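Notes follow the structure.
In listed order, ligands and their atoms are each counted from 1. Keep in mind the model is a prediction, meaning the values are calculated, not measured.
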Amino acid sequence: MPLDIKSLSEEYENIYYIEGLHSNSMIIGEYLIDTGISSGYIRKLKKKFEINIVLLSHWHEDHIAGNRLLKDAKFLCHSKDKHIVEDIDKIITYYGLKPEEFPEFLDAIEGFRIKNTKIDGIIEHEEIIKINDLRLKVIHTPGHTAGHCCFFEEKSKIGFLADIDLSNFGPFYGGIDSSVIDFEESIEKLEKINMEIAISGHKGLFQGRKLIKESLEKYKSKIYENDQRILSYLSEKDPINSDDLMNKNIIYRKYGPWKILETAAEKIMIEKHFEKFLKNKVIEKKSNGFILS
Ligand SMILES: [Zn+2]
């Protein structure tokens with residue numbers, strides 16, 4: 001497939017959307033956001049653009065896979081995700097699995113040819129990165145990972161949402177550094193911004209303020225649906241824990257060939273809901289599980 005580079009603004013010439021194979025990217029001046037478009041696409045991109053700085057939205061393998069092909073660039077990410085980008089052996093443990101439990105995942109990582117990447121600098125919430133006459137704002141949006149960041153260019157009103165990806169699956173918070181509480185707040189942060197174009201890490205472009213806000217709201221509502229599904233198993237008498245809720249298709253309506261990873265993620269996601277219910281005093285601890293308050 002040919003590399004698809006799309007200019008996003010007539011007024012600001014140096015902002016581009018790149019539809020990728022594993023995840024989507026954005027170019028803004030000498031900056032590239034995320035490197036999961038594919039190795040072939042990165043090689044082609046380097047012929048057309050001078051990429052001096054790479055911003056990583058988060059540590060997930062499908063967003064950092066092309067780092068190794070950009071050796072001359074400086075890499076920046078949030079401090080909370082830095083240690084995993086620099087030590088990719090941690091990835092599987094952050095999905096709640098031991099390497100021996102799911103060797104196929106290690107093969108997939110091998111297939112991505114991900115290498116440890118030295119992070120040259122840290123980005124922080126509300127930091128403005130000046131790129132020629134443009135102002136790219138960092139929005140720390142934890143929940144998906146602890147250091148997940150979105151980006152918003154203030155003049156063109158173009159946003160990069162990474163894995164607040166507006167998919168029908170809804171938010172994914174199945175890593176040990178995830179948080180459903182933070183994810184909700186992060187979506188709300190984005191809802192306050194008047195974005196004209198939003199780039200999803202996996203679902204392409206969303207254009208128009210109204211559509212973007214509605215899509216964020218619909219995406220957030222998946223969290224409430226998950227709340228209700230989990231709560232329907234709880235009672236005031238018999239305590240249950242995440243082990244009791246395994247293999248019930250609570251989050252994944254259908255398990256695929258990567259069921260081991262999906263069920264590990266599902267267990268973590270259910271536990272993140274328990275944390276939220278505890279905080280909101282909807283449930284309480286009883287013996288080795290939870291009951292409704
Ligand atoms: Zn991700």
Inset, instruction - Kindly confirm or rule out a cation-pi arrangement of Lys157 over Phe152, judged by NZ or CZ under 6.0 Å from the six-membered ring centre and within 45° of its axis? - result: no
Legend entry - Derivation and outcome, salt bridge (charged side-chain N to carboxylate O under 4.0 Å, His left out), residues Glu271 and Lys267: CA-CA 6 Å; Glu271 285 164 2; Lys267 183 173 160 67; 3.4 Å; yes
Inset, instruction - Could you tell me whether the side chain of Thr141 and the main chain of Ser186 form a donor-acceptor pair under 3.5 Å? - result: no
Inset, instruction - Without swapping roles, check the side chain of Lys71 against the backbone of Arg68 for a donor-acceptor pair under 3.5 Å. - result: yes
Please list every donor-acceptor pair under 3.5 Å in which a side-chain atom of residues 74-84 meets a protein atom from a residue at least two apart or in another chain.
{"from": "His78", "atom 1": "ND1", "to": "Lys80", "atom 2": "N", "distance (Å)": "3.1"}
{"from": "Asp81", "atom 1": "OD1", "to": "Thr145", "atom 2": "OG1", "distance (Å)": "3.4"}
{"from": "Asp81", "atom 1": "OD1", "to": "Gly147", "atom 2": "N", "distance (Å)": "2.7"}
{"from": "Asp81", "atom 1": "OD2", "to": "Trp59", "atom 2": "N", "distance (Å)": "3.0"}
{"from": "Asp81", "atom 1": "OD2", "to": "Thr145", "atom 2": "OG1", "distance (Å)": "2.8"}
{"from": "Lys82", "atom 1": "NZ", "to": "Glu86", "atom 2": "OE1", "distance (Å)": "3.3"}
{"from": "His83", "atom 1": "ND1", "to": "Lys90", "atom 2": "NZ", "distance (Å)": "2.9"}
{"from": "His83", "atom 1": "NE2", "to": "Lys80", "atom 2": "O", "distance (Å)": "3.4"}

Legend entry - Under-2.8 Å neighbours of the Zn ion (ligand 1), protein N/O/S atoms only: 4
Inset, instruction - Please say which of Glu191, Glu184, Glu185 ends up in a salt bridge (Lys or Arg N to Asp or Glu O under 4.0 Å) with Lys220. - result: Glu191
